[in-house]
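Remember, it's 1-based here, ligands and their atoms both numbered in the order they're listed.
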Amino acid sequence: MLTAMFGATKRTTVMTSKPRILVTRTLMEANENRLRAEFDATLNPDDHIMSADEIVAASHGMDALLICVTEPLIATTIERLPDTVKAIMTLSVGMEHIDLDAAKSRGIAVLSTPDAVNDPTVEVAMLLMLGAARRATEGAALMRKHAWTEWTPRLLLGTDVTNGTLGIFGMGRIGRTLAQRARGFDMTIRYHNRTRLSFEEEAGASYYTSIESLLPASPFLAITAPSTPETRGFLNAERIALLPDGAIVVNIARGELVDDDALIDALKSGKVAAAGLDVFNGEPTNVNPAYLELPNVFITPHIGSAARNARAAMGDMLMDGLNLLLAGEPVPNRVV
Ligand code: DGY
């Protein structure tokens with residue numbers, strides 16, 4: 001298949017055969033069908049997690065790698081990739097598992113899946129917020145233990161979400177989508193972001209210039225910021241102390257933004273009434289066990305974008321982006 005475009009001024013890559021892609025995990029069937037049809041794809045049918053050495057060895061002759069958050073590509077791995085590799089595509093909006101500077105210095109493009117993850121991730125954010133506020137873990141446990149004997153007016157009283165106030169840390173695409181959904185519950189929206197949004201984008205949300213000023217004003221706090229050296233561990237004991245008593249914390253970003261010991265202490269003392277968590281330090285196998293035991297924690301296993309249509313759209317976005325890249329066209333989902 002001839003994939004190249006021969007525009008006079010465009011930088012093009014001439015390919016006389018289908019682009020070769022190494023796919024490190026088992027993807028949605030529709031994605032794999034397209035990969036087989038449109039590309040020369042090496043798939044991973046047993047879905048094992050490939051080591052860095054295995055990825056480097058399997059990359060020989062590849063034009064692109066399609067990876068997930070389970071495959072950290074650190075600088076020394078990227079340095080060992082063969083020169084044929086023109087793109088690293090990650091089935092995620094999170095980028096912390098890829099050394100972007102190393103990719104840039106090798107001239108390897110990095111493509112991600114912005115926008116495709118907004119709606120499903122925000123669905124889980126709402127699920128976590130509602131589940132934490134309305135004590136879903138305790139309610140489910142009562143039912144599953146056959147321990148519910150009587151309805152009483154005070155049974156499992158939770159916190160009202162409707163008309164509540166939500167502070168959002170990180171007002172990118174996911175934060176803004178969350179604000180939109182939360183407005184459906186008549187919530188007041190406050191936020192902190194590195195840069196203030198435009199008047200239209202704010203849509204009535206109040207901007208707080210620092211995280212320290214946002215926290216005391218956030219009876220509900222949602223963490224939607226990317227994991228960066230600046231944000232890692234930001235929710236520590238000192239900052240938790242700034243939250244209103246009985247606050248509810250939701251994390252759909254990355255576990256490393258939270259100091260687990262500090263949050264667990266606050267959940268035990270009631271300073272934080274409940275937490276809804278989809279992402280964890282040490283996930284998947286080394287999650288702090290206290291989160292699994294505390295009744296006021298509503299947890300899900302990093303399923304933010306795990307909705308069928310969205311997952312398929314993520315794969316399509318990467319393949320579309322690769323086609324554009326190889327044709328020398330601008331790639332909307334190119335990060336580097
Ligand atoms: C993302 O898009 O970053 C999700 O966490 C899935 O990897």
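Within the 4.0 Å heavy-atom shell around ligand 1 one does not find G304. At a 4.0 Å cut-off, not a single heavy atom of M95 sits close enough to ligand 1 to count as contact.
Less than 4.0 angstrom separates some heavy atom of S305 from each of these atoms of ligand 1: 6 (C).
Taking the ring centroids of Y191 and Y207, they lie under the 6.0 Å cut-off.
When only interatomic distances are considered, the shortest N/O to N/O separation between R254 and ligand 1 falls below 3.5 Å. Polar contact check, H302 against ligand 1: a nitrogen or oxygen pair lies under 3.5 Å apart. Of the polar atoms of V93, at least one N or O is found under 3.5 Å from an N or O of ligand 1, judged by distance alone. Of the polar atoms of V69, none of the N or O atoms is found under 3.5 Å from an N or O of ligand 1, judged by distance alone.
Using a 30° and 60° split on the angle between ring planes, F169 and H192 fall in the parallel class, below 30°.
Side-chain contact annotation: N296 with E138, donor-acceptor N/O pair under 3.5 Å absent.
A 4.5 Å side-chain heavy-atom check between M187 and M129 finds at least one atom pair inside the cut-off.
Taking 4.0 Å as the cut-off between side-chain N and carboxylate O, R194 and E230 do not count as a salt-bridged pair. Here D160 does not pair with R134 in a salt bridge; the nearest charged N to carboxylate O distance is not below 4.0 Å.
Contacts with ligand 1 closer than 4.0 Å are made by heavy atoms of both the backbone and the side chain of S92.
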